[in-house]
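Only one structure is covered here, and it is reproduced in the block below.
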2 protein chains.
Amino acid sequence: MNLSFDVEEFIKEFENSCNKVQRKTFDKNQVITSYIQKRNQFCILISGNADLVRYDLNGNRTIIEHFSNNDIFGEVFYNVTTNNELSVEARSKCEVLIYSYQNIHYKCKQNCKFHQKLTECLPELILDKVTSLNMRVELLTKRSTRDKLLGYFNLLSTRTLSKTFKLPFSLTDLADYLSVDRSAMMRELKLLKEENFIKKDGKMITLLYK
Amino acid sequence: MNLSFDVEEFIKEFENSCNKVQRKTFDKNQVITSYIQKRNQFCILISGNADLVRYDLNGNRTIIEHFSNNDIFGEVFYNVTTNNELSVEARSKCEVLIYSYQNIHYKCKQNCKFHQKLTECLPELILDKVTSLNMRVELLTKRSTRDKLLGYFNLLSTRTLSKTFKLPFSLTDLADYLSVDRSAMMRELKLLKEENFIKKDGKMITLLYK
DNA sequence: GATTTTCTGTTGCAAAAACAACAAAATTTT
DNA sequence: AAAATTTTGTTGTTTTTGCAACAGAAAATC
């Protein structure tokens, strides 16, 4: 995502002057935050990869969203009504900025540039999130596992401007992301290979159609 | 959705002074807009009901989103990459405000209150959209038709603060919204009734558990 | 660099969902 | 108020997906 601000510059700025923001580091597999809809937490992922996951009563894990550089997340985007716990888990070492959403609108004591800039960029950041969620809905509403796979591959192909691209997930995680059973997905992948829709070498996928 | 502005007041205002906004009325079943990612259209539904729908190559119709009063929509929220056409169809008579997203940020000649207020409310409006999209993803990632139905019923129950509520859809549309086959959904509804999870009378549903 | 853990690939079988088709009910149009 | 259209409810059959289980490959940990 091409943000119109330089996060590094921000960090230098706020560490000296801003009292409204926390900067935290998380190790791989640590839980960054759980959504409990009390704190109105709003976060920006500065580096690393993380997933918003849900475990349901049947033991299914679902990757609701996948976050990378400059993605935003937090319970402020959720009306938590479900019984299932939602939590954001670090997939690699992560650096995260954590705010309270309310505080974003109030200037901090020092009226730091960090806050000014953030207020300015916020609509754009949130708009990006809407776009990416719409894409997610588009994908999840596909009726078959095959259509979900091809839809996702198309997305990656469009993003990378190439017929060949690398999956940002393990296949296990991909199944949890597309919300399908892993073995069924593997079967479908095999068929897609056999029918010459795709070529697959590890996590490298090549689209062979159109 | 509880907006912090009064749309009626706005309309009076802008009709006299604002040259950046179009106000249009649509009859039932008319196409309000199609997403073609050229015009950066941004719309607010003032009255009526409308759906964002997709028709895929297999003839399946999917209701991607359902809009009612004060909901926002438009191609600006989409990176249209799919082959499938997306269009917003009026379910009843609709009044719609149509902008170009860029124009929202520039003050119009008269610097009308309308634009001022909109700029002010925009982050809140978009945030609402994120929340509702997250709910949608939550629903669509449920693995079974039963869980989707119960998840959706829970949502409506929470919204109306009541165990009894009216479906805002026909059952045909509900199936398209949950992205499942209608007859399979009907079968599941029947089972839910037989197993005393719900009571159903036309579009009125009552939850019998918890 | 050996060991443990996770991931990939596969399969038979069970369960769920989709497809297809139709009649009855309800709604809309004329 | 009659006719046409859409929606609801139902069911048999086919297809797809999920479940369970396991072996080999790869990756992570010690």
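Only heavy atoms go into these numbers, but all of them, side chains included; no hydrogens, no water, no symmetry mates. The chains referred to below are lettered A, B, ... by the order of the sequence lines, with proteins before strands, and numbering in each begins at 1.
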Could you tell me how far apart [X] ([atom1]) and [N] ([atom2]) are, to the nearest whole angstrom?
{"X": "B:Leu171", "N": "D:dT8", "atom1": "CG", "atom2": "C1'", "value": "7 Å"}
{"X": "A:Leu149", "N": "D:dT16", "atom1": "CG", "atom2": "P", "value": "14 Å"}
{"X": "A:Asp176", "N": "C:dT6", "atom1": "CG", "atom2": "C1'", "value": "13 Å"}
{"X": "A:Asp201", "N": "D:dA26", "atom1": "CG", "atom2": "P", "value": "11 Å"}

**Report entry** Pairs involving residues 167-196 of chain B, ordered by first then second residue, that meet ring-ring contact (aromatic ring centres under 6.0 Å, His included) (sequence neighbours left out)
**Finding:**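 For residues 167-196 of chain B: B:His66-B:Phe169, B:Tyr152-B:Tyr177, B:Phe169-B:Tyr177.
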**Report entry** Pair B:Ser34, B:Ser87: side-chain N/O donor-acceptor within cut-off below 3.5 Å
**Finding:**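 Not at all, the side chains of B:Ser34 and B:Ser87 share no donor-acceptor pair under 3.5 Å.
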**Report entry** A:Arg182 versus A:Thr172, side-chain donor and acceptor atoms under 3.5 Å
**Finding:**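 On atom types as modelled, these side chains do not qualify, holding no pair under 3.5 Å.
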Report summary line: 5' to 3', nucleotides 11-30 of chain C under a 4.0 Å protein heavy-atom cut-off (B base, S sugar-phosphate only, - none) gives BBB---SBBBB---------
Query raised in the report: Do A:Arg146 and A:Glu195 have side chains that get closer than 4.5 Å, going by heavy atoms?
Result: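 Counting from C-beta outward, A:Arg146 and A:Glu195 do come under 4.5 Å.
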Query raised in the report: Do any side-chain nitrogens or oxygens of B:Lys200 fall under 4.0 Å of OP1 or OP2 in D:dG9?
Result: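 B:Lys200 to D:dG9 OP1/OP2: side-chain N or O found under 4.0 Å.
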Query raised in the report: Hey, does the side chain of B:Thr172 come within less than 4.0 Å of D:dT8's phosphate (OP1/OP2), counting only N and O?
Result: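 Yes, because at least one side-chain N or O of B:Thr172 sits under 4.0 Å from OP1 or OP2 of D:dT8.
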Requested in this report: Report the residue from B:Phe73, B:Tyr35, B:Phe42, B:Tyr101 that forms a ring pair (Phe, Tyr, Trp, His ring centres under 6.0 Å) with B:Tyr78.
Outcome: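 Only one of B:Phe73, B:Tyr35, B:Phe42, B:Tyr101 forms a ring pair (Phe, Tyr, Trp, His ring centres under 6.0 Å) with B:Tyr78, namely B:Tyr35.
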Query raised in the report: So which nucleotide from D:dT7, C:dT8, D:dT10 ends up closest to the side chain of B:Met186?
Result: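 Closest nucleotide to the B:Met186 side chain: D:dT10.
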Query raised in the report: For B:Lys203, which contact category applies under a 4.0 Å heavy-atom criterion: base, sugar-phosphate, or nothing?
Result: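 Result for B:Lys203 = sugar-phosphate.
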**Report entry** Carboxylate-amine/guanidinium proximity below 4.0 Å for A:Arg61 and A:Asp173
**Finding:**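 Yes, this pair counts.
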